[in-house]
Amino acid sequence: MKRKLDFIDHQIISLLQQNARMSLKDLASRIFLSSPATSARLEKLEREGYITGFHASINHEMMGYNIKAFITLAVDAKLKEEFLDYMRQCRNVIECNCITGDYAMLLEVVYPNTEALETFVGKLQKYGKTQTQIVFSTAVEHREIAPDPEIEKAG
């Protein structure tokens, strides 16, 4: 059973989502604890699975990936494990979700051009019917959710 996070735990998570490179000293000063106490709390949040990693946000276009797309796939149940193994190997797949509805999978992918995307979609079709939406622009970039102490209380 997960424990209820307190106000300081929520502050730590929120501050690290804003800047994962924040030094322990800066983090400690922002939450008004000593560095050892902050370090202990941080280690506990990681050990318990509340914090799963520290990441750099990448500008895909600057890295040469000019096309972002969402692909839905009605994967054949007999091919699901093979498909998931393939997804884990595809570096252009940013996210792969099992979803409800007519399509079983939702993929977010990035490619340098439409030709490369088309080749990938062609390979996917051996697993089932696909539908592809190419993103024109992104109004709200991927963001982490801010911890909400009220959700913990409702728990």
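Here the structure is a predicted model, which is why all the values come from computation and not from measurement.
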Note to self: Given 3.5 Å as the limit, does a donor-acceptor pair link the side chain of Asn97 with the main chain of Ile99, or not?
What the structure shows: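 Side chain of Asn97 to backbone of Ile99, a donor-acceptor pair under 3.5 Å: no, none is there.
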
Next item on the list: May I ask you to decide whether Asp6 forms a salt bridge with Arg41, counting only side-chain N to carboxylate O separations under 4.0 Å?
Entry: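 The answer is yes: the pair qualifies as a salt bridge.
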
Check: Is any side-chain N of the basic residue among Lys129 and Asp76 closer than 4.0 Å to the acidic one's carboxylate O?
Finding: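 No, this pair does not count.
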
Check: To the nearest 0.5 Å, how far apart are OH in Tyr86 and SG in Cys96?
Finding: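 Output value for this atom pair is 12.0 Å.
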
Next item on the list: Identify, with sequence neighbours excluded, every residue that meets side chain to side chain donor-acceptor pair (under 3.5 Å) alongside Asn19.
Entry: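 By the side chain to side chain donor-acceptor pair (under 3.5 Å) rule, Asn19 matches no residue at all.
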
Next item on the list: Sequence neighbours left out, what passes side chain to side chain donor-acceptor pair (under 3.5 Å) with Thr38? Give chain and number order.
Entry: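 Scan of Thr38 (side chain to side chain donor-acceptor pair (under 3.5 Å), adjacent residues dropped) gives none.
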
Next item on the list: Please collect all side-chain hydrogen bond (donor to acceptor under 3.5 Å, both in side chains) contacts where either partner lies in residues 23-34, sequence neighbours excluded, each pair once.
Entry: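 As it turns out, the side-chain hydrogen bond (donor to acceptor under 3.5 Å, both in side chains) pairs with a partner in residues 23-34, which skip direct neighbours, are Ser23-Asp26.
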
Notebook entry, point to check: Is the ring centre of Tyr111 less than 6.0 Å from the ring centre of Phe120?
Noted result: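 Tyr111 vs Phe120: aromatic centres under 6.0 Å.
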
Checklist line | Distance-only donor-acceptor check, side chains Gln11 and Asp9, under 3.5 Å | finding: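 On atom types as modelled, these side chains do not qualify, holding no pair under 3.5 Å.
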
Checklist line | Close side-chain approach of Leu124 to Met87, heavy-atom, < 4.5 Å | finding: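 In short, these two side chains touch, coming nearer than 4.5 Å.
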
Next item on the list: Please examine the side chains of His60 and Ile94, heavy atoms only from C-beta on, and report whether any two atoms are closer than 4.5 Å.
Entry: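 When only atoms from C-beta onward are counted, His60 and Ile94 do touch, with a gap below 4.5 Å.
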
Could you tell me which non-hydrogen atom of [X] sits nearest to which non-hydrogen atom of [Y], and how far apart they are?
| X | Y | value |
| --- | --- | --- |
| Val140 | Thr138 | O-CG2, 3.2 Å |
| Arg3 | Tyr50 | O-OH, 2.6 Å |
| Ala74 | Tyr103 | N-CD2, 3.4 Å |

